[in-house]
Amino acid sequence: MLTLKNVSFDVKDDGGEKGIIRDLSLSIDDHKFVVITGPNGGGKSTLAKLIAGIIKPTAGQIFFDDKDITDMSITDRANMGISFAFQQPVRFKGVQVLDLIRLAAKKHLSAADACQYLSEVGLCAKDYINREVNASLSGGELKRIEIATVLARGTKLSVFDEPEAGIDLWSFQNLIQVFERMRENTNGSIIIISHQERILNIADEIVMIADGRSSSRGRRRRSFRSSLEPHPRWTRAACFTRGRDRWIRFR
Ligand SMILES: Nc1ncnc2c1ncn2[C@@H]1O[C@H](COP(=O)(O)OP(=O)(O)O)[C@@H](O)[C@H]1O
Ligand SMILES: [Mg+2]
């Protein structure tokens, strides 16, 4: 369903070229829940943006349902059924949460139906539905509203860039359930960029991206255990912060 063929993304760097994504080939079948993981700066967000069409590859091709989408705009890809949730979501000053969800759903949802999507992501709907999507929302609130809009879109391919980033420990429990439900109910495929063990645990496939390349690919966490768990001894509900990545594990 989604195929990347020898995709590269180079940027100009001090007079030379720097390869952010290097000759990466990847294929994601229908109805798969794929988690992309790997170190900071490895190229994960760049890869997600290439899939969504926010940036275009400097080499290679991207196919979606056998159609070459390499040169297609974000809007055309969105209309074909690709949704994207940013690592750092965009704020829409002057737009209410209700309007944003209606825009995403592309139909006139009743307020009650729109509230359902907010409840799904653990937000008390009545407190948020009429709020503006502006700087008054915390990063975690904004992330969850963005996830709700992707749920409302219900497209064939949903790409989430670190949905757990900025989400507190309590809401994180709820978020896992959101993705578990999505995994069960969706007719399409889900790609999640994540470092979270519990999200990795529900993956059909895990793709490791490092240094712009897909270094390994496997099923579930087992084969990745050593690379994902830098701290062998976890305490109950311990939370380690490593750069901007948070490693959390419950026992
Ligand atoms: N447009 C750009 N210009 C220069 N460097 C970039 C650009 N986009 C990404 N990078 C660099 O490419 C690397 C990969 O970035 P990113 O895809 O955000 O990594 P990840 O999401 O895996 O942390 C980083 O070192 C980042 O600074
Ligand atoms: Mg990133």
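Scope of the values below: all heavy atoms of this structure, side chains included, with no hydrogens, waters or symmetry mates. We count ligands from 1, going down the list as the structure has it; atoms in each ligand are counted the same way. Throughout, residue positions are numbered sequentially from 1 according to the sequence presented. Just so we're clear, the structure is a prediction, and the values are computed from it rather than from any experiment.
Looking at Gly41 next to ligand 1, an N or O pair under 3.5 Å apart turns up. Checking only distances, Gly42 does come within under 3.5 Å of ligand 1, N or O to N or O. Residue Ser45 places at least one N or O, backbone or side chain, under 3.5 Å from an N or O of ligand 1.
Set against the non-hydrogen atoms of Asn40, the atoms of ligand 1 under 4.0 Å away are 23 (O). When each atom of ligand 1 is checked for a heavy atom of Pro39 under 4.0 Å away, the hits are 22 (O).
Here the side chains of Arg77 and Ile62 are in contact, with some heavy-atom distance below 4.5 Å. Using a 4.5 Å heavy-atom threshold, the side chains of Lys56 and Leu50 count as separate.
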For residues 128-135, run the donor-acceptor check on the side chains, cut-off 3.5 Å, and write out each pair with its distance to 0.1 Å, sequence neighbours left out.
{"residue": "Tyr128", "atom": "OH", "partner": "Glu141", "partner atom": "OE2", "Å": "2.5"}
{"residue": "Arg131", "atom": "NH2", "partner": "Ser136", "partner atom": "O", "Å": "3.2"}
{"residue": "Arg131", "atom": "NH2", "partner": "Ser136", "partner atom": "OG", "Å": "3.3"}
{"residue": "Glu132", "atom": "OE1", "partner": "Gly94", "partner atom": "N", "Å": "2.7"}
{"residue": "Glu132", "atom": "OE1", "partner": "Asn134", "partner atom": "ND2", "Å": "3.3"}
{"residue": "Asn134", "atom": "OD1", "partner": "Ser136", "partner atom": "N", "Å": "2.9"}
{"residue": "Asn134", "atom": "OD1", "partner": "Ser136", "partner atom": "OG", "Å": "2.6"}

Under 3.5 Å, which donor-acceptor pairs link side chains of residues 1-13 to any protein atom two or more places apart or in another chain?
{"residue": "Asn6", "atom": "ND2", "partner": "Asp23", "partner atom": "OD1", "Å": "3.0"}
{"residue": "Ser8", "atom": "OG", "partner": "Asp23", "partner atom": "N", "Å": "2.9"}
{"residue": "Lys12", "atom": "NZ", "partner": "Glu17", "partner atom": "OE2", "Å": "3.0"}

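Looking at Leu50, Asp10, Val11 and measuring to atom 1 (N) of ligand 1, the nearest heavy atom belongs to Val11.
When distances to the Mg ion (ligand 2) are checked against a cut-off of 2.8 Å, Thr46 contributes no N, O or S atom below that limit. The distance from the Mg ion (ligand 2) to the nearest N/O/S atom of Asn40 is not under 2.8 Å.
Ionic pairing of Arg181 and Glu120 is present here: one or more N-O contacts between side-chain nitrogen and carboxylate oxygen are shorter than 4.0 angstrom.
Aromatic ring centroids of Phe160 and Phe179 lie under 6.0 Å apart.
Hydrophobic cluster membership is shared by Leu142 and Ile54, with clusters built from Ile, Leu, Val, Met, Phe, Trp and Tyr side chains linked at under 4.5 angstrom.
At a heavy-atom cutoff of 4.0 Å, ligand 1 is contacted by both the backbone and the side chain of Thr46.
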